[in-house]
Amino acid sequence: MISVSKLSVFEQLEPEKRKYAETVWHIIKNRRAMRWVYSYEEKPVPKDFIEQIIDAGCQAPSPENYQPWEFVVVTDLETRKAIGRLGKIFCKYMFGGGQITWKEVSTWRFGYMKKPSAIGISTVLMGTGWLMEYIEKSVIVVICCRSGLVGAKHFTHVVPITAQQLASRMAQGCAFMAAQNMLLMAHALGVGSCYFNFPMSSPAAEAKIAELCNIPYPEFTIIGFVSLAWPLFPRTRGPDRSSPAKKAWYNFLGNSWENFKEE
């Protein structure tokens, strides 16, 4: 008889629960950023698909069901182009202009990877603006969240700035979880997606995007964007993710996960 400890987590489940768990794991493990896509004009993403993806974002957790996020779905070509231009400016500043080679990029940014060369090359391509075309091709979901405490202006006592900062961090954390939900739902539906935030390279850039989308800035902060488009071809390969053995610790940082003992 095989002991439970030698079975995988999935093998320990009842058949229906196992199938459900394996499906969820497959979606999480195989999701990848998709930048090689059809333009919205060539092959539109239907409204009901977009709504299902947004609905997944709405299901993200938030304290006391606070739901601090707002989603602006941008299909307007000129607005998409404007967001794309701001993204290209930042990437050209960071990686372009012939200042660095892909080998240098792979060394100082991706040196921790076993095979960083391909990522270094793609980063330099981003510096040329070439790989950034997916932004203006895609439906863009602008994710913004409240910058402070709801109703703070109505308080009868002084709210410490630390409380405002804590509320802002909480709101941003919730919005990031909403973004992840959307990425996973898009992948499950076969829609290509990518999370990015480099167009907000400065307060002026963020304010410009907020103006284009009628977002009351800085009352609401833009935390990032999710692109949605049909992929030109499947992408199943990507850099390996670290295992818990490398990223998890037992009770305190530095104490190997291998030391974990079940009570």
Side-chain angles (χ1 to χ4, degrees), residues 1-34 56-69 94 102-123 143 145 160 162-188 193-198 223-224 226 234-263:
M1 182 176 179
I2 300 175
S3 66
V4 172
S5 62
K6 292 187 177 181
L7 296 175
S8 71
V9 170
F10 301 121
E11 290 172 327
Q12 297 176 46
L13 300 176
E14 297 172 2
E16 283 301 311
K17 291 183 178 179
R18 175 177 178 174
K19 182 179 179 181
Y20 180 80
E22 287 179 332
T23 299
V24 172
W25 175 238
H26 180 82
I27 292 170
I28 292 172
K29 188 176 178 66
N30 290 286
R31 184 215 63 81
R32 289 293 185 270
M34 300 298 292
C58 291
Q59 305 309 310
S62 62
E64 300 177 351
N65 204 23
Y66 175 33
Q67 303 178 66
W69 47 69
M94 279 292 292
W102 68 263
K103 289 184 178 180
E104 291 172 315
V105 173
S106 64
T107 299
W108 65 260
R109 188 173 179 189
F110 304 108
Y112 57 88
M113 293 185 178
K114 292 181 180 179
K115 296 180 179 180
S117 302
I119 296 177
I121 293 171
S122 68
T123 303
I143 307 169
C145 63
T162 52
Q164 290 282 3
Q165 290 173 333
L166 181 61
S168 179
R169 288 183 182 181
M170 179 273 290
Q172 290 185 36
C174 293
F176 283 125
M177 287 189 283
Q180 176 71 347
N181 275 13
M182 287 191 284
L183 295 174
L184 295 174
M185 189 74 254
H187 177 71
S193 66
C194 182
Y195 176 84
F196 60 96
N197 61 5
F198 33 77
I223 69 115
V226 171
R235 182 188 174 194
T236 55
R237 297 185 63 187
D240 293 333
R241 305 316 198 229
S242 297
S243 67
K246 294 184 178 180
K247 288 296 183 180
W249 307 95
Y250 180 42
N251 283 331
F252 56 86
L253 193 66
N255 185 25
S256 173
W257 174 249
E258 299 299 325
N259 293 329
F260 181 92
K261 295 180 180 179
E262 296 185 63
E263 301 297 333

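Sequential numbering from 1 along the given sequence is applied to the chain's residues.
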- Smallest heavy-atom separation, Leu184 atom then Ile27 atom, equals O-CG2, 3.6 Å
- Item | Closest heavy-atom pair and its distance - Ile223, Cys145 | CG2-SG, 3.5 Å
- Query: Which atom names give the shortest non-hydrogen contact between Cys194 and Met34, and what distance separates them?
  - Reply: CB-O, 4.1 Å
- Item | Heavy-atom closest contact (Trp257 atom, Pro244 atom, distance) | CB-O, 4.0 Å
- Does the Glu22 side chain pair with the main chain of Phe10, one donor and one acceptor, at a distance under 3.5 Å? no
- Message: Please report the interatomic distance CE(Met185) to CE(Met182), rounded to the nearest 0.5 Å.
- Response: 12.5 Å
- Query: With a cut-off of 6.0 Å (strictly less than), are more than 12 heavy atoms of other residues, nucleotides or ligands near OH of Tyr20?
  - Reply: no
- Task: Locate the shortest heavy-atom distance separating Leu183 from Ser193; write the atom from each residue and the value.
- Result: CD2-OG, 3.4 Å
- Closest non-hydrogen atom pair, His187 against Asn30: CE1-O, 3.4 Å
- Go through the steps to decide whether Trp69 and Gln67 satisfy the test side chain to side chain contact (heavy atoms under 4.5 Å, CB included), and finish with yes or no. CA-CA 6 Å; Trp69 47 69; Gln67 303 178 66; 4.0 Å; yes
- Heavy-atom neighbours of Glu11 CD exceed 12 at 6.0 Å: yes
- Inter-residue atom distance Lys247.NZ - Arg241.CZ, 0.5 Å rounding: 12.0 Å
- Query: Asn259 and Asn255: side-chain donor and acceptor closer than 3.5 Å?
  - Reply: yes
- Nearest 0.5 Å please: distance from the CZ atom of Arg31 over to the CD atom of Gln180. 6.0 Å
